[in-house]
Amino acid sequence: MTTVVKCPTCGKGVVWGEVSPFRPFCSKRCQLIDLGEWADEEKRIPSNSDLSESEEWSEADDR
């Protein structure tokens, strides 16, 4: 069974395997576009300072 995922940049189907060296991207071009977006800080992983007070996690929430 072959697994196919969508390229995060253009949405094109990509076979998840050795035949797709840039996976999850369909090409080097899409890979570099994504890297450029991270470098320009267009994409980022939110930190605790990005959350509002109502969204903040605390150890008390897990009890």
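The figures here come from the full heavy-atom set of this structure, side chains too, leaving out hydrogens, waters and symmetry mates.
Within 6.0 Å of CD in E18 there are 12 or fewer heavy atoms belonging to other residues, nucleotides or ligands. Within a 6.0 Å sphere centred on NZ of K43, heavy atoms belonging to other residues, nucleotides or ligands number more than 12.
Grouped by direct or indirect side-chain proximity (heavy atoms under 4.5 Å, Ile/Leu/Val/Met/Phe/Trp/Tyr only), I33 sits alone.
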Practice task
Apply side chain to side chain contact (heavy atoms under 4.5 Å, CB included) to the pair E37 and T9, showing each step before the final yes or no.
Solution key: CA-CA 10 Å; E37 289 172 349; T9 304; 5.6 Å; no
Tabulate below the donor-acceptor pairs under 3.5 Å that side-chain atoms of residues 21-31 make, not counting sequence neighbours, or state none.
| unit_1 | atom_1 | unit_2 | atom_2 | d |
| --- | --- | --- | --- | --- |
| R23 | NH1 | G17 | O | 2.6 |
| R23 | NH1 | S20 | O | 3.1 |
| S27 | OG | R29 | N | 3.4 |
| S27 | OG | C30 | N | 3.2 |
| K28 | NZ | Q31 | OE1 | 3.3 |

